[in-house]
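Throughout, a chain's letter reflects where its sequence line sits, starting with A, and its residues are numbered from 1.
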Protein chains: 2
Amino acid sequence: MRVISKSGEYGLRALLHMASNQENEGFFNIREMSEELDISFHFLTKILQVLTQKGILQSYRGPNGGVGFLKSPEEITLSELVRALEGDDFFDKCLLGLPGCGERQPCPMHAYWMGIRNNLKSEFETTSLADLGKNTRLQHLRLIA
Amino acid sequence: MRVISKSGEYGLRALLHMASNQENEGFFNIREMSEELDISFHFLTKILQVLTQKGILQSYRGPNGGVGFLKSPEEITLSELVRALEGDDFFDKCLLGLPGCGERQPCPMHAYWMGIRNNLKSEFETTSLADLGKNTRLQHLRLIA
DNA sequence: AATATTTAAGAGTATTTTGTCTTTTATAAA
DNA sequence: TTTATAAAAGACAAAATACTCTTAAATATT
């Protein structure tokens with residue numbers, strides 16, 4: 001098992017790369033990013049397309065085209081990114097996978113799991129992409145294997 | 001995305017079912033369980049086989065055969081079960097999927113994620129299957145859709 | 001206008017996970 | 001000892017996820 005999908009990992013890595021190179025300011029070339037991060041170009045393109053469709057990134061085609069932030073990384077929360085990459089119901093899912101699990105018809109782990117899940121949710125909601133990106137830049141942390 | 005795999009969900013549901021019907025005491029028939037929980041019989045069999053191989057369950061073949069707990073549910077932690085069902089490294093994985101991520105060569109999210117991960121880990125380590133099973137029995141909570 | 005560049009989109013392939021079916025092995029009961 | 005029952009094991013099929021390749025559309029430069 002993995003906590004997030006491969007696409008999610010790739011997406012987060014690309015976003016962190018962008019956020020930690022914001023002096024670059026404008027648009028990032030996807031081909032270059034794919035090489036720097038060692039992620040398949042076409043696959044990364046698709047993942048970033050989704051983020052563009054969800055209004056997190058904007059893109060331009062043609063020479064010097066690329067992808068850039070639509071909102072400032074200060075205003076982008078980790079929670080928002082995980083939902084965009086892993087599905088809107090990420091923080092609502094039943095641990096046992098039971099559909100319709102909730103207050104009205106809880107599974108045996110509902111209350112327990114909801115506590116844990118909500119902690120994670122609020123943690124992710126109060127962490128911005130800028131926070132993580134600054135960290136990356138200042139400490140020269142790696143985004144590749 | 002899902003937090004645990006489908007096999008993991010099925011395994012937990014079966015174990016909760018067993019733990020909450022402990023008056024039954026002895027062995028549980030897998031066919032019956034698969035019907036009560038609406039899980040494919042053969043698939044469930046394989047999942048329980050793994051739990052048997054990992055020393056959490058024991059099994060007997062033949063008439064009145066089945067699977068039962070090897071240790072008492074009081075002594076089985078949720079942490080142990082998740083590791084058995086999702087892999088031993090469940091609580092050690094890098095959120096970005098980077099191999100070898102750790103103190104020596106951390107990814108930008110390492111410290112942050114380690115905090116969250118360790119919380120989850122200790123939460124799961126201090127929760128027994130018996131706790132969850134008792135809950136299920138006393139409150140008549142559902143394990144099926 | 002023509003060409004080159006770069007993302008978008010879609011079709012197709014590979015791998016992993018999930019699920020099914022069949023055969024084997026162990027055990028109990030007649 | 002034969003038969004029935006139930007888990008173990010393995011081969012196979014289907015679905016989901018991950019990845020590749022080709023074509024289309026947009027934009028900039030000449």
- request: Mind running side-chain hydrogen bond (donor to acceptor under 3.5 Å, both in side chains) on A:Glu75 and A:Ser128 for me, showing each step along the way?
  value: CA-CA 7 Å; A:Glu75 292 158 15; A:Ser128 76; over 6 Å; no

Under 4.0 Å protein heavy-atom contact, by nucleotide of nucleotides 22-30 of chain C - B base, S sugar-phosphate only: B--BBBSS-

- prompt: Any side-chain heavy-atom pair from B:Tyr10 and A:Leu96 closer than 4.5 angstrom?
  reply: no

- prompt: Between A:Trp113 and B:Phe124, what is the ring plane arrangement, given parallel below 30°, perpendicular above 60°, and tilted in between?
  reply: tilted

message: Are B:Met114 and B:Glu103 packed together at the side-chain level, in the sense that at least one heavy-atom pair is separated by less than 4.5 angstrom?
response: yes

- prompt: Between A:Lys93 and A:Glu86, is there a side-chain N and carboxylate O pair less than 4.0 Å apart?
  reply: no

message: Checking contacts here: which listed nucleotide (D:dA8, D:dT20, C:dT18) is nearest the side-chain heavy atoms of B:Phe43?
response: C:dT18

statement: When A:Gly65 and B:Gly8 are each assigned the nearest nucleotide of DNA chain C, the 5'-most assignment goes to A:Gly65

- prompt: Within a strict 4.5 Å, meaning less than it, do heavy atoms of the A:Leu78 and A:Leu129 side chains meet?
  reply: no

message: In this structure, would B:Phe91 and B:Leu85 fall into the same cluster of hydrophobic residues linked by side-chain contacts under 4.5 Å?
response: yes

Donor-acceptor pairs under 3.5 Å, side chain of residues 43-62 of chain B to any protein atom, not counting sequence neighbours: which ones?
| from | atom 1 | to | atom 2 | distance (Å) |
| --- | --- | --- | --- | --- |
| B:Thr45 | OG1 | B:Phe41 | O | 2.8 |
| B:Thr52 | OG1 | B:Leu48 | O | 2.9 |

message: Taking 4.0 Å as the cut-off, does a side-chain nitrogen or oxygen of A:Ser7 come that near to OP1 or OP2 on D:dA18?
response: yes

message: Check this one for me: any side-chain N or O of B:Ser59 less than 4.0 Å away from OP1 or OP2 of D:dA8?
response: yes

message: I want to confirm an ordering. Mapping A:Phe41 and B:Thr45 to their closest nucleotides on DNA chain D, which one lands closer to the 5' end?
response: B:Thr45

query: Under 4.0 angstrom, heavy atoms only, what part of the nucleic acid is A:Gln53 near: base, sugar-phosphate, or nothing?
result: sugar-phosphate

Using a cut-off of under 3.5 Å, enumerate the N/O to N/O pairs linking the protein to nucleotides 11-14 of chain D.
| from | atom 1 | to | atom 2 | distance (Å) |
| --- | --- | --- | --- | --- |
| D:dA11 | N6 | B:Lys46 | NZ | 3.2 |

- request: Rounded off to whole Å, could you give me the CD1-to-P distance for the B:Ile47 and C:dT17 pair?
  value: 13 Å

- request: Give a yes/no on whether any side-chain N or O of A:Gln49 is located under 4.0 angstrom from OP1 or OP2 of C:dT6.
  value: no

